[in-house]
Visitor: 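Quick one: structure below, then a few questions.
On a predicted model such as this, the values are computed, not experimentally measured, just so you know. Each chain gets a letter, A, B and so on, in the order its sequence line appears, and its residues count up from 1.
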Amino acid sequence: MNNFLNDLNKEQRQAVEQTDGPVMVIAGAGSGKTRVLTYRVAHLYNSGVDPFNILALTFTNKASREMKERIIKLVGDGDARNIWMGTFHSIFARILRIEGHRLGYPSNYTIYDAEDSKRLIKAIIKEQNLDDKVYQANYVMSRISSAKSNLISASDYKNNFEIMNTDKMANKPKIGELYSIYQKRLKKADAMDFDDLLFNTNVLLRDFPDVLYKYQNKFKYILVDEYQDTNHAQYLIVKKLAANNENICVVGDDAQSIYAFRGANIQNILNFKNDYPDLKTYKLEQNYRSTKTIINVANGIIVNNKDQIFKEIWTDNDEGNKIQLLKASTDGEEGTMVARSVFENKMNEQLKNDAFAVLYRTNAQSRSIEEALRKANIPYRIFGGLSFYKRKEIKDLLGYFRLTINNKDEEALKRIINYPARGIGKTTLEKIIIAADKKNKSLWEIIEKSNDSELNLNAGTRSKLSTFAIMIKSFTAQLEKKNAYELGKHIASSSGILKEFYDDKTPEGISRYENIEELLNAIKEFSEKENTGEEVDGKSIHTLDEFMQDVALLTDADEKDKEETDYVSLMTIHAAKGLEFSYVFIVGLEENLFPSIQSLNSRTDLEEERRLFYVAVTRAETKLTLSYAENRYKWGNLTICEPSRFLEEVNEKYIEQPQRTIVKGRDKFSDNKLFSKPSTQGISGFRNKNLKKISSITSSSDGQFESDDSQDLQTGMAVEHSRFGKGKIINIEGNGSNKKATVFFKGIGNKQLLLKFAKLKIIG
DNA sequence: GAAGCACTACTTTTT
DNA sequence: GTAGTGCTTC
């Protein structure tokens, strides 16, 4: 029974068997972190701990899904399903459904996703007559979000001199006010955003001792994955829940902390021992994943960071292949080179597609890779990006579901009240919003009473509103009676959504219709899921609101494996965390892209980018390929790029002779019809298309650098721009071809101009 | 109020 | 390049 523990090395085994008391595992990349976590849970289970008493928190749905599967493999299906395992957000959303009434939330509260939050914030900025150029929704949202992650409420925010002063200095003094309006609106809609799930859980545990006591007793054993990525709110929840039993095990790697941008606090792991004097710490430094070459490169990168717990990853694996470095002239060519390299390696080593992954910094980079793989007939799959549940048509239909479940859901209502068009337009909606604000009611309550109010609506509009309200109410009435699929299908057709997409015979329309069908299929599967015997919330059928509970927190569609299971994986580095692939391509290693241009201001941001690079490198088992392009399309323009500074941190001795391989490879495979035909077409196609633009840009910029004024520009000078007119230089930054000036133009405002493109004339 | 067209901001990363 | 917004016309 205990023999599976023999799979573990000494440190891993110690970490697994030390079941009681506080434990921290510092687990280097590829050192068997997930294995320790899963074995630990399995070991607890086998030692007789009641699965209901185990709480395992992960960071992503994917991680929790995988962990669940692995545990079930170890201990068998059955009782182990009762372990509380999931993401922070999903676990605490679940607790809030049970306990939220204490904070004034019904159990059917809605979870707003990032898009809903942003829309609401935008709407509020507009309603407050603030300039949306000054109060950019993204900025406001991130201020509010980081406040919430640090458990600063709207009133705390407004009472905090330092915070308010920062906003004042940034010329955005109203953010505190926007925060409190935003919270009020969420509350009125019976909605929580992602941050509220953690914030409100903290309030619950802080203000209701019986709740705290209940969950402290329930969760006798707590495990936290990726602890380095927890923010303050998450840290405190874990600390409180563990306070009684102190059977807490956190696993993490400070070198892989890549979420500081959204509030993750690396100090949580660095200071963990301060909270638990009895802490037992285990370091896992042996890597089982990668070749010596890859490990050496990774160590050579991370050593450049100042902030870290010292550890050096080592491996018993072979030396392995050298690192391949690809230099492309454009992003299109980069894609082609990657595709070719995938093909060659596949042929030479007789590999399947799923041995390969292409990792990039931003989602936008996937397109050129995708194009090249498609031309080369290599199956691929993109992870992340626009996920299934974020597509417009899906969110439209989900909007109906949401409104059915929670009539007060403001964002859902605004989304669908006139979709498909039913004659309830902007003006009417504005009147409703104003009335709702005045009476401090939800939009729904105003609509319900649209007849007897002083809304000033004409009879036609009133009847349209009441038809709409009656329809939604009829859906709501069927919530408990029909199963999720029956009701879902009924809503899809009687709302007119299905017809809307069915009538659209464009390719997009057809694909939308198919997506709707796919959603309904998923609901069908859910509805027909075997009932576990015990009744969920007293219901004997699987209802729509049950289905919807998890949907807001799903990012990847958990899409059922389609026909194709053997594909090359394309994803951002963030999404690749925790995964491993035999052959890894890291593309777009260029300054301002990776490291991201927004990270260049501070050392901490740059170090986070470096950790990101470290994470990317350590995904590779057998062979690593790095690539960059000299020119890249960014927001529609061809931009000149410099190789990333991170490339300099890779010791040359680990790098294969660049270019050589490519030329050889091309010769070797030039007689292969499958590949060479489309690919050469692809290359020449791209070349021809881009050459003109490249040459025109280089020649014009060359000309500029010799003849024009851009070298002599200085802060304070008055200049003239062909389009914006006369302006004054506020700031100059960057150098070489990336030299950038901030120029103030009268009546236009500040503009950031790349000097190699902007034709600035000095006029005084 | 709706549909069609032009304009602009956007791209960091995710629950 | 695209989604979202805003303007114009019916």
Side-chain angles (χ1 to χ4, degrees), chain A residues 57-64 86-93 111-119 122-123 126 132-133 136-138 142 145 148-149 192-198 226 229-231 233-234 257-264 331 359-368 371 383-387 389-392 418-430 457-458 460-461 464 508 550-556 571-577 588 592-600 605 608-609 611-613 615-616 632-639 751-752:
Chain A
L57 295 168
T58 64
F59 208 63
T60 63
N61 291 306
K62 203 195 288 166
S64 96
T87 63
F88 273 92
H89 289 85
S90 70
I91 293 285
F92 297 115
I111 298 171
Y112 276 7
D113 68 12
E115 190 193 332
D116 298 318
S117 305
K118 193 167 166 183
R119 281 176 186 233
K122 269 191 178 164
K126 216 170 182 182
D132 59 6
K133 297 258 156 40
Q136 286 174 327
N138 279 332
S142 83
S145 172
K148 285 191 192 177
S149 319
M192 298 191 206
D193 67 13
F194 287 147
D195 299 312
D196 285 335
L197 296 174
L198 304 175
E226 310 280 15
D229 286 330
T230 51
N231 63 26
Q234 290 164 324
S257 158
I258 53 174
Y259 285 101
F261 73 92
R262 68 168 216 229
D331 50 348
L359 309 181
Y360 35 78
R361 179 67 181 82
T362 66
N363 278 308
Q365 288 166 257
S366 69
R367 198 185 304 158
S368 56
E371 205 167 312
F383 293 81
L386 237 213
S387 87
Y389 286 104
K390 284 188 186 129
R391 288 181 198 156
K392 183 188 171 301
N418 200 30
Y419 189 84
R422 50 174 71 86
I424 306 172
K426 220 167 43 182
T427 324
T428 309
L429 194 57
E430 255 162 38
L457 297 170
N458 62 40
T461 312
K464 284 172 192 162
E508 299 84 50
D550 298 326
V551 166
L553 297 169
L554 289 181
T555 42
D556 52 354
M571 64 185 88
T572 64
I573 300 167
H574 282 88
K577 188 161 160 196
N592 300 341
L593 179 62
F594 193 15
S596 151
I597 189 158
Q598 322 207 4
S599 71
L600 304 179
D605 287 354
E608 176 146 314
E609 294 284 310
R611 290 194 295 268
L612 200 50
F613 186 39
V615 168
R632 177 176 299 276
Y633 277 97
K634 281 180 188 168
W635 52 92
N637 285 318
L638 197 63
T639 333
K751 292 267 168 201
Q752 295 231 327

Visitor: Expressed as a whole number of Å, how far does the P atom of C:dG4 sit from that of B:dT13?
Guide: 16 Å

Visitor: Return no unless some side-chain N or O of A:Asn418 is found under 4.0 Å from OP1 or OP2 of B:dG1.
Guide: no

Visitor: How is A:Asp229 classified with respect to the nucleic acid when contacts are heavy atoms under 4.0 Å: base, sugar-phosphate, or nothing?
Guide: nothing

Visitor: Side chain of A:Phe194 only, heavy atoms from C-beta on: which candidate in B:dT15, B:dT14, B:dT11 is closest?
Guide: B:dT15

Visitor: Are A:Lys577 and A:Tyr259 in a cation-pi setup, meaning NZ or CZ lies under 6.0 angstrom from the ring centre and within 45 degrees of the ring axis?
Guide: no

Visitor: What pairs of nitrogen or oxygen atoms, one from the protein and one from nucleotides 1-7 of chain C, lie under 3.5 Å apart?
Guide:
{"unit_1": "C:dG1", "atom_1": "O6", "unit_2": "A:Trp635", "atom_2": "O", "d": "3.2"}
{"unit_1": "C:dG6", "atom_1": "OP2", "unit_2": "A:Lys126", "atom_2": "NZ", "d": "3.3"}

Visitor: State which residues pass salt bridge (charged side-chain N to carboxylate O under 4.0 Å, His left out) with A:Glu115; sequence neighbours excluded, sorted by chain then number.
Guide: A:Arg119, A:Lys395, A:Arg415

Visitor: Assess the side chains of A:Ser366 and A:Asn363: does a donor N or O sit below 3.5 Å from an acceptor N or O?
Guide: no

Visitor: Looking at A:Thr572, I'd like to know whether one of its side-chain N or O atoms comes within less than 4.0 Å of OP1 or OP2 on B:dT14.
Guide: yes

Visitor: Pick base, sugar-phosphate or nothing for A:Tyr259, based on heavy-atom distances below 4.0 Å to the nucleic acid.
Guide: sugar-phosphate

Visitor: Under 5.5 Å centre to centre and under 30° between planes: does that hold for A:Phe59 and the six-membered base ring of B:dT15?
Guide: no

Visitor: What is the separation between atom CG on A:Leu198 and atom C1' on B:dT15, rounded to the nearest whole Å?
Guide: 8 Å

Visitor: For A:Lys577, which contact category applies under a 4.0 Å heavy-atom criterion: base, sugar-phosphate, or nothing?
Guide: nothing

Visitor: Check the phosphate of B:dC10 against A:Gln136, side-chain N and O only, distance under 4.0 Å to OP1 or OP2. Yes or no?
Guide: yes

Visitor: Which residues pass the salt bridge (charged side-chain N to carboxylate O under 4.0 Å, His left out) test with A:Asp196, not counting sequence neighbours?
Guide: A:Lys148

Visitor: Nearest to the side chain of A:Thr428, heavy atoms from C-beta on, is which of B:dT13, B:dG1, B:dT11?
Guide: B:dG1

Visitor: Give A:Thr60 one of three labels, base, sugar-phosphate or nothing, depending on what nucleic acid heavy atoms sit under 4.0 Å from its own.
Guide: sugar-phosphate

